[in-house]
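Convention: sequence-line order gives letters A, B, ...; per-chain numbering from 1. The basis for the numbers below is simple: all heavy atoms, side chains too, and nothing from hydrogens, waters or symmetry mates.
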Number of protein chains: 2
Amino acid sequence: MRRPRLQEARCQTCSLSSLCLPLALGTQEMDSFDAIIQRRAPLKKGEALLRQGDPFTSVFAVRSGSLKQITSEGDGEDQLTNFYLPSELVGLDGIDEKHYPGSIIALETTTVCEIPFDRLDQLSEALPELRNQLYRNMSKELRDDRRMLRLLSRKTADERLASFLVNLSTRFRRRGYSPYSFRLSMARADIGNYLGLAVETVSRIIGRFQQHKLVDVQGREVHILDLDALEALAEGDHEH
Amino acid sequence: MRRPRLQEARCQTCSLSSLCLPLALGTQEMDSFDAIIQRRAPLKKGEALLRQGDPFTSVFAVRSGSLKQITSEGDGEDQLTNFYLPSELVGLDGIDEKHYPGSIIALETTTVCEIPFDRLDQLSEALPELRNQLYRNMSKELRDDRRMLRLLSRKTADERLASFLVNLSTRFRRRGYSPYSFRLSMARADIGNYLGLAVETVSRIIGRFQQHKLVDVQGREVHILDLDALEALAEGDHEH
DNA sequence: CGTCTGTTTGAAGGATGTCAATTAGCGTGG
DNA sequence: CCACGCTAATTGACATCCTTCAAACAGACG
């Protein structure tokens with residue numbers, strides 16, 4: 001009972017399929033997978049895909065745009081725990097508790113594919129490659145989180161910013177975009193929150209990076225001028 | 001071709017089975033699961049269960065004792081990314097890259113059950129409950145990591161220490177031990193590394209906590225005197 | 001009993017946060 | 001289309017928490 005517009009959501013024709021969950025699936029398997037995914041209306045900037053505490057039902061693959069995950073706890077400030085770019089999977093951290101542990105907010109106009117988890121789980125029984133891809137996805141997220149722990153506990157503000165920019169650059173490259181020129185979909189405040197820095201610090205360091213000819217930043221438009229130097233900085237190679 | 005001593009490793013007779021991976025399995029299913037796990041010789045304090053970069057083959061369930069995960073990156077300092085207590089699963093972050101992303105070191109005499117991952121994956125095909133438990137486990141680890149991110153980016157040193165102690169207390173309670181009296185198996189340096197603090201800071205804050213009658217600490221022996229206050233502190237309820 | 005490692009304590013300095021004010025950007029509505 | 005107003009971003013001055021350096025102390029183990 002497919003409606004025509006759902007065609008657009010088919011993995012076969014999706015340019016992201018080589019990065020996304022069905023990565024390792026054959027044509028036929030991909031069809032079974034396709035059958036369970038659902039399209040959502042595009043989210044506008046600032047709109048919530050889901051709210052912290054909502055019952056866990058699905059995971060979501062980002063199709064276009066970008067999202068942030070915000071976790072509020074107690075009376076304390078919110079914590080921005082993740083940014084999601086196209087092909088990345090949202091919601092895997094909700095499986096355990098049956099509720100999503102943070103709200104997912106669109107940073108710009110964003111479309112996602114919804115994948116009901118119970119059906120995904122069922123399907124993963126028959127498709128070892130899909131199951132494996134799921135495990136891999138979660139495993140990668142664990143590793144990324146551990147890298148983030150290191151960033152927050154050992155790196156200086158400069159190193160954090162450099163890491164952040166290099167990380168974005170890498171992710172854009174993998175998606176076929178320029179690793180040197182891109183647009184930040186998030187505000188400075190988001191970056192600060194994510195990196196554990198005050199907004200003002202983010203601003204100041206971006207300014208310093210510009211002075212040192214590492215980057216050229218106009219508002220949210222970023223041009224990386226010296227990626228090697230940024231990478232070195234991100235790893236803490238202090239040479240001054 | 002079981003040898004007698006392997007009997008000890010059977011989940012059926014393991015006191016941790018209600019917390020561990022086979023949690024939701026029936027008797028018969030647990031037998032299939034039992035069949036794939038392997039015993040390892042106990043690790044001595046300081047010994048490595050595995051080293052960063054080792055090819056990923058198995059996950060491990062802690063049976064007794066405790067472990068830490070250490071990730072070295074570049075020339076920078078090591079980062080302690082996790083402590084593992086009995087019933088917890090080690091190595092899930094290695095699935096993706098086929099290598100373990102950090103070394104796992106015993107903090108005291110420690111025994112583990114080895115679970116070859118390919119066989120676990122196979123078995124999870126037939127046992128939905130086992131599969132689910134695996135997903136849940138990874139999902140929980142993701143959530144824990146996100147909580148840790150918040151700790152490192154928003155909390156003061158006092159809040160971090162309080163969180164750490166409360167967290168340990170909770171985990172001991174769940175395992176049937178006293179949540180008020182326990183022994184730290186890790187050094188102050190480990191705690192500092194994990195929490196993103198200098199050793200000296202850890203020491204000073206423990207001292208301050210003692211002055212305020214929150215805890216009584218003698219070396220590695222901890223007595224929690226005011227758990228409520230610690231919990232409040234951990235959440236950032238400043239009332240000074 | 002001595003050595004090594006782990007822990008505690010003190011003093012000083014620095015990196016980053018906070019507060020405050022200004023400027024820029026952007027959507028909205030007249 | 002421009003003006004308005006709000007939010008976002010920048011910049012400066014100051015405060016502070018934590019680190020770093022240094023040294024004494026304690027505990028474990030040969």
For this session: For A/Met186 and D/dA8, give me the distance from atom CE to atom P, rounded to whole Å.
Result: 15 Å
Exercise. Between atom CD in B/Gln211 and atom P in C/dT9, what is the gap in whole Å?
Worked result: 9 Å
Problem set entry | Atom pair CG (B/Leu19) and CD (B/Glu88), whose distance is rounded to the nearest 0.5 Å | 9.5 Å
Exercise. Taking everything shown except A/Arg220 itself, do over 12 heavy atoms lie less than 6.0 Å from its CZ?
Worked result: yes
Exercise. Which is true for B/Gly196 with a 4.0 Å heavy-atom rule: it touches a base, it touches only sugar-phosphate, or it touches nothing?
Worked result: sugar-phosphate
For this session: Answer yes or no: side-chain N or O of A/Arg204 and base N or O of C/dT18 forming a donor-acceptor pair under 3.5 Å.
Result: yes
Exercise. What is the distance from CZ of A/Arg188 to C1' of D/dT10, rounded to the nearest Å?
Worked result: 9 Å
For this session: Select one nucleotide: of C/dT16, C/dC26, D/dT10, the one nearest the side-chain heavy atoms of A/Ala157.
Result: C/dT16
Exercise. Under 3.5 Å, is there a donor-acceptor pair between the side chain of B/Gln210 and the main chain of B/Val217?
Worked result: yes
Seminar exercise, completed: Rounded to whole Å, CD of B/Glu221 lies from P of C/dT7 at a distance of 14 Å
Exercise. A/Arg220 side chain N/O closer than 4.0 Å to the phosphate oxygens (OP1, OP2) of D/dA9?
Worked result: yes
For this session: Supply the atom-to-atom distance B/Ser15 OG to B/Arg175 CZ, rounded to the nearest 0.5 angstrom.
Result: 11.0 Å
Seminar exercise, completed: Whole-Å distance, B/Asn193 CG to C/dT7 P, equals 13 Å
For this session: Among the candidates D/dT20, C/dT16, C/dT7, find the nucleotide nearest to the side-chain atoms of B/Ala198.
Result: D/dT20
Exercise. Between D/dA9, D/dA22, D/dG12, which nucleotide gets closest to the side-chain atoms of B/Glu200?
Worked result: D/dA22
For this session: Specify the separation, in whole Å, of atom CD of A/Gln218 and atom C1' of C/dC26.
Result: 17 Å
Problem set entry | Rounded distance in Å - CD1 (B/Ile206) to P (C/dT9) | 10 Å
Exercise. Salt bridge between B/Arg150 and B/Glu159, side-chain N to carboxylate O under 4.0 Å?
Worked result: no
Exercise. In terms of side-chain heavy atoms of A/Thr201, which of C/dT16, D/dC18, D/dT19 is nearest?
Worked result: C/dT16
Problem set entry | Rounded distance in Å - CZ (B/Arg208) to P (D/dC17) | 9 Å
